[in-house]
Structures are given as C-alpha cells and as structure tokens.
Amino acid sequence: MNYLTDTDAEKLFSEAKAASENTYSPYSHFPVGAAVLTGDGTIVRGTNVENASYGLTICAERTALGHAVSIGKTDIRAIAVYCRTNAAAPCGACRQFILEFGNDIVVIFMHGEELVQRTIEELMPFAFTKTILAQASEVVDQDHNL
Ligand code: THU
C-alpha cells in the first residue's frame with residue numbers, strides 16, 4: 001500500500017497544523033492548513049485564503065499545491081489537511097485539484113480521534129481526469145467533426 005508510516009503521516013499533519021497559523025480567514029474564522037509532501041521529500045505548506053467576494057476563497061489544499069507547483073514540484077506524494085474541528089477531509093473541489101497530480105496521492109486528515117490515510121482515488125471514485133481528456137482528443141484526431 002501507498003500509505004505513509006504513522007510517523008511520517010503525523011509529521012506531515014503537524015506541518016499542516018503549523019500552516020493553519022497563517023490562515024487568512026476573516027469571514028469564516030475557520031483556519032485550515034495543508035502540507036504537501038513531494039517525491040523528493042520536500043514539504044510545502046498552504047493555508048486557506050478568503051476574499052470579500054466569498055466565492056473567490058482558496059482552500060488550504062489548493063494553496064499548498066499551487067505553492068508546490070510554483071517551486072517546480074509536481075511530483076506529489078501526499079497531502080495532509082488540518083482544521084481545529086478534527087474533521088477536515090478535503091472538499092470536492094480540492095479532491096479534484098489533488099487528483100490532477102496523480103491517482104495514488106495519499107490524503108491525510110483527522111476523523112474524530114483517528115489520523116486517516118486514503119489515496120485520492122479512494123476519496124474520488126469515477127473521477128474526471130486528464131486521461132479522459134486525452135482519450136477525447138484521440139477521438140477528435142480520428143474524427144475532425146468535434
Ligand atoms: N476550506 C479549506 O481550506 N479546505 C477544505 O477542504 C474545506 C474548506 C476553507 C475554505 C474557507 O476558508 C473555510 O475553510 C470555510 O469553508
């Protein structure tokens with residue numbers, strides 16, 4: 001299985017918790033932190049960033065992933081998410097965003113007293129992915145009507 005050791009999962013989760021200290025959440029007052037572990041062992045943090053136009057809010061997971069990509073790291077091994085209610089499984093939009101970087105990325109979050117690990121594929125079955133787009137473009141190549 002792809003899951004991290006308990007020690008590594010706890011370490012990444014504590015990075016996510018630290019990231020939440022930089023939250024910008026003046027509207028929800030709901031700090032969230034995320035920490036991405038890349039293939040080379042780098043840990044990249046992110047927090048939620050809200051906006052007066054509420055719908056523009058960026059979740060912590062997407063901030064962290066954008067941060068990782070921005071420093072040239074797209075090989076994503078795992079992502080941990082923290083919020084103080086201990087129930088911060090990524091929202092649907094963030095699941096889609098995580099899946100962009102691989103089916104077997106491990107997502108780590110608290111569920112009650114338990115630090116849960118699941119692959120993004122387990123959290124997002126039957127997802128829309130770039131593979132589907134690639135198949136569609138093959139169809140377009142074969143049939144120029146689309
Ligand atoms: N939030 C995240 O950062 N990640 C999630 O997966 C769910 C929600 C943030 C967005 C908003 O700033 C606050 O939590 C309340 O929805």
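Order of listing sets the numbers, starting from 1, for every ligand and every atom in it. Note that these values count all heavy atoms, side chains included, but never hydrogens, waters or copies made by symmetry. Since we're looking at a predicted model, the values are computed, not measured. Along the sequence shown, residues are numbered consecutively beginning with 1.
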inquiry  = Among all protein heavy atoms in this structure, tell me which lies nearest to atom 14 (O) of ligand 1, with the distance rounded to 0.1 Å.
reply    = Phe30 CD2, 3.4 Å
task = Provide, to 0.1 Å, the distance between atom 10 (C) of ligand 1 and the closest protein heavy atom, together with that atom's residue and name.
result = Thr57 CG2, 3.8 Å
query = Okay, side chain of Ser20, backbone of Pro31: is any donor-acceptor separation there less than 3.5 Å?
reply = no
request  = Examine the side chains of Thr38 and Asp40 and answer whether a donor and an acceptor come within less than 3.5 Å of each other.
outcome  = yes
inquiry  = Donor-acceptor pair, distance only, cut-off 3.5 Å: does the side chain of Gln96 make one with the backbone of Phe128?
reply    = yes
task = Examine distances only and state if a side-chain atom of His67 and a backbone atom of Arg45 form a donor-acceptor pair shorter than 3.5 Å.
result = yes
inquiry  = Closer than 3.5 angstrom, by distance alone: can the side chain of Glu61 be matched with the main-chain N or O of Arg95 as a donor-acceptor pair?
reply    = no
remark   = closest protein heavy atom to atom 3 (O) of ligand 1 is Ala60 N, 2.9 Å
query = Tell me, which protein residue and heavy-atom name are nearest atom 12 (O) of ligand 1, and how many Å apart are they?
reply = Glu50 OE2, 2.4 Å
key: Asn48 side-chain N/O to Val32 backbone N/O, donor-acceptor pair under 3.5 Å   = yes
task = Identify, for atom 6 (O) of ligand 1, the protein heavy atom at the shortest distance, and state residue, atom and that distance.
result = Glu61 OE2, 2.6 Å
Selected option - heavy-atom contact closest to atom 8 (C) of ligand 1, from Pro31, Ala34, Cys59 = Cys59
request  = Report the part of Ser28 in contact with ligand 1, treating N, CA, C, O as backbone and CB onward as side chain, heavy atoms under 4.0 Å; options are side chain, backbone, both, neither.
outcome  = side chain
Sub-3.5 Å N/O-N/O distance, Ile58 and ligand 1 = no
Test item: side-chain donor near acceptor, Thr7 and Thr5, under 3.5 Å = no
query = Is it true that Pro90 lies under 4.0 Å from ligand 1, counting heavy atoms only?
reply = yes
